[in-house]
Chemist: 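Following this message is one structure expressed as structure tokens.
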Amino acid sequence: MPEDQMNDGDDSLRSIRLNKLGALEALGVDPYPYEFARSDEAADLGRRHAALPAGAETGERVRVAGRIRAIRNSGLFLDLHDASGKIQIFCHRDGLDPQGLAILKLLDIGDLIGVEGVVRRTPRGELTVNAARLAVLAKTLRPLPEKYHGLADVELRYRQRYLDLIMNPESRATLRRRSLVVAALRSQLLPRCFLEVETPMLHAIPGGASAKPFITHHNALDIDLYLRIAPELHLKRLLVGGLADKVFEINRCFRNEGLSPRHNPEFTSLELYEAYVDYRAMMRLAEELITAAAQAVRGSLRIEYGGAALDLSPPWPRRSMAELVEEATGIDFLKLDAPAARDAANALAANTSDRPLGDEAGWGHALELAFALRVEDRLIQPVHVTGFPRDISPLAKADRNDPRLAERFETYIYGWELANAFSELTDPRDQAARFEAQMRARAAGDEEAQPFDEDYVAALEYGLPPCGGLGIGIDRLVMLLTDSPSIRDVIAFPTLRPR
RNA sequence: GAGCCCGUAGCUCAGCCGGUAGAGCAACUGACUUUUAAUCAGUAGGUCUCGGGUUCGAAUCCCGACGGGCUCACCA
């Protein structure tokens with residue numbers, strides 16, 4: 001932390017708390033002890049004594065621990081919050097031992113304490129522990145944000161996420177739901193005999209997607225390495241090796257591109273590969289995975305995002321890209337050759353901020369541009385968009401009925417690409433030709449064209465079984481399922497410029 | 001990378017047609033002691049993000065920098 005921020009707390013508020021810390025030590029209290037034998041979480045007590053009537057005592061002695069969030073009546077009442085919820089603490093001089101009374105005077109809102117005492121419900125109906133003994137578990141030196149409005153400053157919420165999590169229940173709920181989503185995906189995949197694997201983050205050749213990588217350097221090997229932009233090529237190598245017929249990885253990818261409410265430089269994807277099936281199997285699997293995640297966090301397939309009602313009930317429609325573009329524009333790209341398609345797409349791009357396609361752009365780039373301009377953001381309800389152009393799909397098999405197309409689909413929800421899948425290209429000769437085409441595009445100025453990965457082609461020469469592959473963007477899925485407007489809300493520590 | 005908006009006490013915010021800064025919460029002192037954002041009285045707390053400029057005088061107007069948000073571009 002920069003020095004000026006360290007000094008932020010070095011004011012009178014902080015020195016008052018340092019004095020209290022010294023006073024605690026003078027009492028023989030360790031303000032940062034090693035452990036506390038807790039018997040119950042707040043929510044457990046709430047459940048166990050749900051029927052306890054107001055004014056009743058239980059005689060049950062418990063030990064609870066948590067953070068002081070409120071002090072009322074000069075310390076008579078404390079609100080203690082733990083990860084499960086809240087429990088009230090009653091500190092009366094008749095019940096509290098002398099050491100506890102001395103500690104009580106030195107406590108602040110925000111301090112972590114342990115309490116031992118008997119459970120009762122107050123006449124006003126609040127479940128309460130009558131403190132007999134108090135333990136300091138961590139003395140705090142800085143005050144918490146204001147109790148009513150909490151921490152609202154979005155920059156502080158992201159920079160000091162710990163404060164955001166203490167203060168804002170919605171932030172806790174969102175990140176807990178993120179964990180539920182990931183757990184739901186695993187709970188679908190593991191019983192289907194998908195093997196969870198980990199593949200390298202450091203790549204000598206950044207492949208598997210079209211994106212700008214981060215570059216780093218390995219000192220001992222004295223080579224540049226790239227943070228991976230996708231795990232795809234390594235996962236398929238595992239299929240070649242026969243490690244399993246079904247593999248998946250849920251992990252980070254890194255792309256050195258702009259930040260936005262929907263883009264973080266590091267993001268999490270699920271990628272999976274299944275032998276002996278094609279992309280149609282991936283459509284069903286995508287539906288099953290995403291609906292399982294929705295059920296896990298929302299308990300329903302009818303959800304709301306940003307005020308839009310979304311119905312995730314399967315099966316989702318399957319529409320081809322060319323058909324959707326024709327519906328939106330009246331132009332049938334399937335009947336156009338590359339130059340005509342380019343002209344048509346550039347006409348659509350006129351008066352938009354998109355720059356026109358150059359002569360090197362192929363037919364597929366033209367169709368893709370038209371789709372992006374006129375169709376993409378209108379795909380609010382779930383839809384599998386099929387018929388992706390082959391020349392923008394260098395890792396996918398050609399469509400068995402139309403060589404201009406690939407057996408690839410992307411699933412769109414709320415105008416976002418949520419899933420991307422193909423019948424994986426397994427022919428090493430075709431793959432080598434696709435890499436060569438990418439290299440030509442790169443030479444022509446396409447910075448994101450994929451580099452030639454000779455070892456990957458060699459792997460294919462040893463035989464990759466026919467397979468389907470599927471990728472799902474976890475961050476965006478969590479955004480949808482938690483109604484979060486920014487990707488930063490679903491990432492605990494989003495990338496920010498250091499202050 | 002471009003455009004628009006924002007930055008005032010620990011936190012949430014007023015003040016912004018120029019006259020040198022205020023509230024609530026948090027803190028401190030005391031009162032009260034079965035409260036629920038407890039209440040009451042008092043006290044303290046500020047390089048108004050930073051640096052220039054205009055002006056007799058700048059939180060306020062102008063320029064620049066830094067940080068953030070949104071939109072666009074790249075992209076998932």
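Only this structure's heavy atoms are used, side chains among them; waters, hydrogens and symmetry mates stay out.
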Chemist: My validator wants the stems of RNA chain B: runs of 3 or more consecutive Watson-Crick or G-U pairs, both distances under 3.5 Å, written as range with range.
Modeler: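 Runs of three or more consecutive pairs: B:1-7 with B:66-72, B:10-13 with B:22-25, B:27-31 with B:39-43, B:49-53 with B:61-65.
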Chemist: Thinking salt bridges, do A/Glu266 and A/Arg252 make one under a 4.0 Å N-O criterion?
Modeler: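 The answer is yes: the pair qualifies as a salt bridge.
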Chemist: Checking contacts here: which listed nucleotide (B/rG67, B/rA76, B/rU12) is nearest the side-chain heavy atoms of A/Ala152?
Modeler: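 From the listed options, B/rU12 comes nearest.
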Chemist: Could you check which of B/rC70, B/rG68, B/rA38 has an atom nearest any side-chain atom of A/Arg497?
Modeler: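 For the A/Arg497 side chain, the nearest candidate turns out to be B/rG68.
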Chemist: Are A/Arg120 and A/Phe90 in a cation-pi contact, defined as NZ or CZ under 6.0 Å from the six-membered ring centre and within 45° of the axis?
Modeler: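 Yes, A/Arg120 and A/Phe90 form such a contact.
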Chemist: In terms of side-chain heavy atoms of A/Ile109, which of B/rC11, B/rA26, B/rU33 is nearest?
Modeler: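 It is B/rA26.
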Chemist: With the side chain of A/Asn73 defined as its heavy atoms from C-beta on, choose the nearest nucleotide among B/rU33, B/rC74, B/rU36.
Modeler: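 Nearest listed nucleotide: B/rU33.
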Chemist: Would you indicate, yes or no, if B/rG68 has its OP1 or OP2 atom less than 4.0 angstrom from a side-chain nitrogen or oxygen of A/Arg159?
Modeler: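 Affirmative; the distance criterion is met.
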Chemist: Among the nucleotides B/rU34, B/rU36, B/rU33, which one has an atom lying closest to any side-chain atom of A/Arg72?
Modeler: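 Of the options given, the side chain of A/Arg72 lies nearest B/rU36.
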Chemist: Could you measure between the two P atoms, the one in B/rU8 and the one in B/rA76, and give it in whole Å?
Modeler: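 These two P atoms come out 37 Å apart once rounded.
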Chemist: Under 4.5 Å between any side-chain heavy atoms of A/Asn130 and A/His92, yes or no?
Modeler: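 Counting from C-beta outward, A/Asn130 and A/His92 never come under 4.5 Å.
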Chemist: Considering only the C1' atoms, how many Å lie between B/rA58 and B/rC16, rounded to the nearest integer?
Modeler: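 To the nearest whole Å, 11 Å.
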Chemist: Can you work out whether A/Leu259 or A/Arg17 has the more 5'-proximal nearest nucleotide on RNA chain B?
Modeler: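 Final value for this comparison: A/Arg17.
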Chemist: Counting heavy atoms not belonging to A/Arg133, are there more than 12 under 6.0 Å from its CZ?
Modeler: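 Atom CZ in A/Arg133 is not packed in, count stays at 12 or less.
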Chemist: Rounded to whole angstrom, note down the P distance from B/rA9 over to B/rC5.
Modeler: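 B/rA9 and B/rC5 have their P atoms separated by 23 Å.
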Chemist: So does A/Lys212 get a side-chain nitrogen or oxygen closer than 4.0 Å to the phosphate oxygens (OP1/OP2) of B/rC74?
Modeler: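 A/Lys212 to B/rC74 OP1/OP2: no side-chain N or O under 4.0 Å.
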Chemist: Picking from B/rG69, B/rC32, B/rG10, which would you name as closest to the side chain of A/Glu146?
Modeler: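 Out of B/rG69, B/rC32, B/rG10, the nucleotide with an atom closest to A/Glu146's side chain is B/rG10.
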Chemist: If you check the A/Glu155 side chain, which of B/rU12, B/rG68, B/rA76 turns out closest?
Modeler: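 Among B/rU12, B/rG68, B/rA76, the one nearest the side chain of A/Glu155 is B/rG68.
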Chemist: Determine the contact category for A/Glu417: base if any of its heavy atoms lies under 4.0 Å from a base atom, sugar-phosphate if only primed atoms, P, OP1 or OP2 are that close, otherwise nothing.
Modeler: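 Sugar-phosphate, no base atom in range.
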Chemist: At under 4.0 Å between heavy atoms, what does A/Leu156 touch on the DNA or RNA strands: base, sugar-phosphate, or nothing?
Modeler: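 If one applies the 4.0 Å heavy-atom cut-off, A/Leu156 turns out to touch the sugar-phosphate alone, with no base involved.
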Chemist: Drop me the distance from A/Ser171's OG to A/Tyr158's OH, to the nearest 0.5 angstrom.
Modeler: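 Interatomic distance, A/Ser171 OG to A/Tyr158 OH, rounded to 0.5 Å: 8.5 Å.
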Chemist: With sugar-phosphate meaning primed atoms plus P, OP1 and OP2, does A/Leu76 contact a base, only sugar-phosphate, or nothing at under 4.0 Å between heavy atoms?
Modeler: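 If one applies the 4.0 Å heavy-atom cut-off, A/Leu76 turns out to touch a base.
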Chemist: Between B/rU34, B/rG69, B/rC25, which one does the side chain of A/Pro123 approach most closely?
Modeler: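 Among the listed nucleotides, the one closest to the side chain of A/Pro123 is B/rU34.
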Chemist: Ignoring hydrogens and geometry beyond distance, is a side-chain donor-acceptor pair present between A/Thr386 and A/Arg318 at under 3.5 Å?
Modeler: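 A/Thr386 vs A/Arg318: no donor-acceptor pair found between side chains.
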Chemist: If the cut-off is 4.0 Å, is A/Arg14 near the phosphate of B/rG10, judged by side-chain N/O to OP1 or OP2?
Modeler: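 For B/rG10, OP1/OP2 do not have a side-chain N/O of A/Arg14 under 4.0 Å.
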Chemist: For the base of B/rA76 and the side-chain ring of A/Phe267, does the geometry meet a stacking cutoff of under 5.5 Å between centres and under 30° between planes?
Modeler: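 Stacking is present between B/rA76 and A/Phe267, given that their ring centres fall under 5.5 Å apart and the planes under 30°.
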Chemist: Quick one: are the ring centres of A/Trp416 and A/Tyr305 less than 6.0 Å apart?
Modeler: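 Yes; A/Tyr305 has its ring centre under 6.0 Å from that of A/Trp416.
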Chemist: Measure from the side chain of A/Lys86, starting at C-beta and using heavy atoms only, and say which of B/rA76, B/rU34, B/rU36 lies closest.
Modeler: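 So the nucleotide nearest the side chain must be B/rU36.
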Chemist: Ignoring backbone atoms, test whether A/Arg488 places a side-chain nitrogen or oxygen under 4.0 Å from the OP1 or OP2 oxygen of B/rG69.
Modeler: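 Yes, A/Arg488 has a side-chain N/O under 4.0 Å of OP1/OP2 on B/rG69.
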Chemist: Which of these nucleotides, B/rU36, B/rA27, B/rG68, is closest to any side-chain atom of A/Val154?
Modeler: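 The nucleotide sitting nearest to the side chain is B/rG68.
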